[in-house]
Protein chains: 2
Amino acid sequence: MNDHSCVKMKTAIIERKKRMTERSTATRRPTIKEVARLAGVSHQTVSRYLRSRNGLKPDTLARIDAAVSELNYRPNLVARSMRTRRTGRLAILLPTVAFNPARMLHGATEAAHEGGFSVEVVSVIGDTGTRTERMLEIAGTGQVEGILALAPLSPGFEDHLPHGETIVVAPDFDDEMRGIGELADASPLVELMEGLVEFGHRRFLHVAGNLQFASARARKAAYLETIERLGLESAGAVDGDWSGKSGYDAVHSLPDEALPTAVVAANDVVAAGAIRALIDRGLDVPGQVSVTGWDNNEVCQYLPPALTSVEVDLESLGRNAMLSLIKSISGRDLEPPPGPLQRVVWRESTGPAHR
Amino acid sequence: MNDHSCVKMKTAIIERKKRMTERSTATRRPTIKEVARLAGVSHQTVSRYLRSRNGLKPDTLARIDAAVSELNYRPNLVARSMRTRRTGRLAILLPTVAFNPARMLHGATEAAHEGGFSVEVVSVIGDTGTRTERMLEIAGTGQVEGILALAPLSPGFEDHLPHGETIVVAPDFDDEMRGIGELADASPLVELMEGLVEFGHRRFLHVAGNLQFASARARKAAYLETIERLGLESAGAVDGDWSGKSGYDAVHSLPDEALPTAVVAANDVVAAGAIRALIDRGLDVPGQVSVTGWDNNEVCQYLPPALTSVEVDLESLGRNAMLSLIKSISGRDLEPPPGPLQRVVWRESTGPAHR
DNA sequence: TCGAAAATAGTGATCGTTCACCATTGCAGG
DNA sequence: CCTGCAATGGTGAACGATCACTATTTTCGA
């Protein structure tokens with residue numbers, strides 16, 4: 001074990017004690033006026049310097065530069081907010097199910113940072129109503145300029161937004177599947193099904209995710225549309241909730257004669273549940289039934305059989321969603337990252353249809 | 001597909017347009033003075049009312065109550081921050097690997113909310129150095145009163161904290177395994193190993209997580225200590241990085257004669273990798289080798305065989321970590337949630353030792 | 001009924017920045 | 001040497017709350 005660690009924790013606690021006792025004598029942060037005095041200019045000149053260094057004599061500029069770094073000056077953003085009436089803060093509303101939000105969060109927060117915003121993250125366990133309520137509460141404080149909701153909100157929430165000041169972008173509500181709706185782009189599902197058809201599959205089963213999510217709705221819609229278009233058989237499009245249990249139950253409750261030769265699950269967790277149910281029924285995957293997932297969950301790559309899935313560039317997805325929020329707020333149009341955001345990865349869980 | 005959704009998106013965009021054009025004529029938020037005027041009292045009286053309603057005549061109180069709700073008044077927190085020199089904001093530094101942070105984040109943000117703080121979340125991809133740098137940058141802005149680091153930081157980071165104003169709590173650095181060090185409590189690992197010994201296992205293998213994490217160090221230490229204490233054989237304690245690949249490689253590279261009868265993995269993903277490597281070598285789990293994980297990953301419950309793991313109450317863990325930060329800052333001692341935070345769940349991947 | 005203490009209310013300064021406006025300087029052209 | 005215009009710099013008032021005071025009213029025992 002690493003000895004340094006104990007030392008570290010102690011130091012942190014000392015740090016705290018120091019602060020407690022020194023609170024009164026704590027060295028205050030330098031202000032714009034002190035910088036001005038040291039540089040021999042007025043505070044207004046320093047204020048100009050802070051926002052844009054244009055329009056200042058090179059000499060003045062150098063003197064302020066020196067003063068700033070000597071005092072280690074950092075502008076007080078609270079005071080700035082107060083005067084400008086802009087907080088530069090955004091909020092992200094996070095779902096607590098469905099997928100690991102870490103990478104998506106990373107993409108979103110980085111994009112916000114680059115756009116000069118700081119981000120408050122709120123994750124809400126509970127139903128759509130609770131989440132919406134919490135969102136309205138946050139909007140009501142006037143502390144944030146915009147909210148990015150990565151989880152479904154109640155219909156009609158806009159009517160309760162106070163003062164029309166806070167902008168809410170909810171990519172998951174865009175069923176048009178473009179731009180900020182990338183989250184709900186179900187086209188890889190079509191690719192999966194067409195691939196399975198090439199393998200000779202004709203009879204499918206879909207286990208959907210929580211249909212409050214646009215992505216779940218889009219996948220289900222794409223499934224039904226593809227069944228129709230290619231004239232396939234469907235053993236059903238079962239409503240689920242992104243859980244392994246929903247996948248297990250959907251397969252488990254199917255009568256023998258109704259079994260499909262391919263299961264298209266809404267995500268990898270559901271797929272894992274479905275595979276287990278198939279195995280428990282004594283069926284071989286992919287020998288007798290093929291299964292596909294979505295999200296490229298790391299564990300599912302090590303499943304026996306390794307799961308065919310859709311690799312999703314969650315980081316870019318998060319970034320794009322945030323960029324669209326920033327665009328709504330500031331009008332600035334930042335360029336989204338290039339490249340495809342979703343890609344089918346064929347693995348062992350899919351194969352030729354059993355006859 | 002749900003028709004409501006399109007409507008919703010359009011409304012959101014309308015909301016935005018409205019704001020753009022109305023920016024000038026936007027109704028300003030009411031201030032404390034307007035409330036005072038409407039209630040027929042001084043602004044100071046309203047200020048008192050806002051912080052504690054004690055010490056006001058019932059009559060006055062009722063009048064202010066009425067004025068507040070009539071104007072729909074909400075205090076301007078920026079102005080308050082400015083005067084009190086307290087921002088009421090905390091930051092959480094998130095790792096982007098190792099585990100799904102959603103529930104932990106939820107626990108932490110809820111606790112902060114209850115304590116009257118708002119939370120900024122920052123997730124940093126990259127090495128410890130990058131993360132530490134970013135943390136110091138955040139501390140330097142003076143915008144946050146404290147930082148909760150759920151990912152490892154570079155040793156000696158405290159020396160670079162500016163002004164000693166921002167408190168940093170890094171539970172992961174506490175190797176004492178108590179209080180805020182619950183994250184690193186490895187005692188369930190001992191329980192796992194003792195259970196395996198009862199099953200007749202004598203020869204073990206440990207695949208560790210990223211040793212920059214205290215939890216990984218604690219588990220490895222507990223493993224080695226238990227081997228020693230019970231006089232068992234160890235096929236090694238391989239250093240890993242929380243990835244499935246590290247689990248797969250660790251087992252894959254072992255010579256036949258060095259194989260253990262039980263693999264204790266640092267987490268479920270590593271365990272899944274290890275199981276796959278065992279299967280690929282033609283070994284049966286748990287028939288020939290038992291495997292344990294950690295985190296109770298949902299997918300792993302549907303693995304064939306369902307993985308024996310450690311259920312972790314991530315929400316409470318996150319809450320506790322946040323409570324300790326709040327305690328450091330405000331001295332307030334909020335009660336942590338009761339109950340055990342980690343619990344061994346025996347499933348199919350463990351069984352009697354093969355002889 | 002009076003006086004002192006306690007309870008309640010009011011006044012003006014203050015936090016650190018930006019904004020609106022005015023003052024000064026430099027420079028070219030008459 | 002003066003005028004006019006740009007370029008730069010300075011002054012004081014916001015922003016909306018809290019704090020440290022002071023002022024007024026109420027309470028209550030003697």
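Owing to the predicted nature of the structure, the values given are computational and were not obtained by experimental measurement. Sequence lines set the chain letters: A, B, ... in the order given, protein chains first and strands last, and positions in each chain run from 1.
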Check: protein-nucleotides 8-14 of chain C nitrogen or oxygen pairs below 3.5 Å:
from, atom 1, to, atom 2, distance (Å)
C:dA9, OP1, B:Thr60, OG1, 2.5
C:dA9, N7, B:Arg48, NH2, 3.0
C:dG10, OP2, B:Ser42, N, 2.5
C:dG10, OP2, B:Ser42, OG, 3.1
C:dG10, OP2, B:Thr45, OG1, 3.0
C:dG10, O6, B:Arg48, NH2, 3.3
C:dG12, O6, B:His43, NE2, 3.0
C:dT14, O2, B:Arg83, NH1, 2.9

Give a yes or no answer on whether the side chain of B:Thr87 reaches the backbone of B:Gln143 with a donor-acceptor pair at less than 3.5 Å. yes
How many angstroms lie between NE2 in A:His43 and CZ in A:Arg48, if you round to the nearest 0.5 Å? 10.0 Å
Interatomic distance where CZ belongs to A:Arg37 and P belongs to D:dG10 [whole Å]: 14 Å
Report the distance from atom CD of A:Glu315 to atom CG of A:Leu105, rounding to the nearest 0.5 Å. 10.5 Å
For residues B:Tyr49 and B:Val68, determine if any side-chain heavy atom of one lies less than 4.5 Å from a side-chain heavy atom of the other. yes
Check for a donor-acceptor pair, side chain of B:Ser81 on one end and backbone N or O of B:Leu77 on the other, with a separation under 3.5 Å. yes
Any side-chain heavy-atom pair of A:Arg29 and A:Asn76 under 4.5 Å: no
Whole-Å gap separating C1' (D:dG16) and CZ (B:Arg85): 16 Å
Protein-nucleotide distance (A:Lys33, atom NZ; D:dG10, atom P), rounded to Å: 13 Å
Within the pair B:Ser47 and D:dT18, is there a side-chain N or O less than 4.0 Å away from OP1 or OP2? yes
For A:Arg80 and C:dT18, is the shortest distance between a side-chain N/O and OP1 or OP2 below 4.0 Å? yes
Between A:Thr109, A:Val144, A:Leu325, A:Leu148, which is the residue that forms a side-chain contact (heavy atoms from CB on, under 4.5 Å) with A:Leu90? A:Leu325
The bend of the helix from C:dT1-D:dA30 to C:dG30-D:dC1, taken between the axes of its five terminal pairs at each end and rounded to 10°, is 50°
Taking salt bridge (charged side-chain N to carboxylate O under 4.0 Å, His left out) as the cut-off, I'd like each qualifying pair that reaches into residues 112-131 of chain A, sequence neighbours left out, listed once. A:Arg89-A:Glu120, A:Glu114-A:Arg319
Respond yes when some side-chain nitrogen or oxygen of A:Arg86 is under 4.0 Å from OP1 or OP2 of C:dT18, and no when none is. no
Reckon B:Tyr73 has a side-chain N or O less than 4.0 Å from the OP1 or OP2 of D:dA17? yes
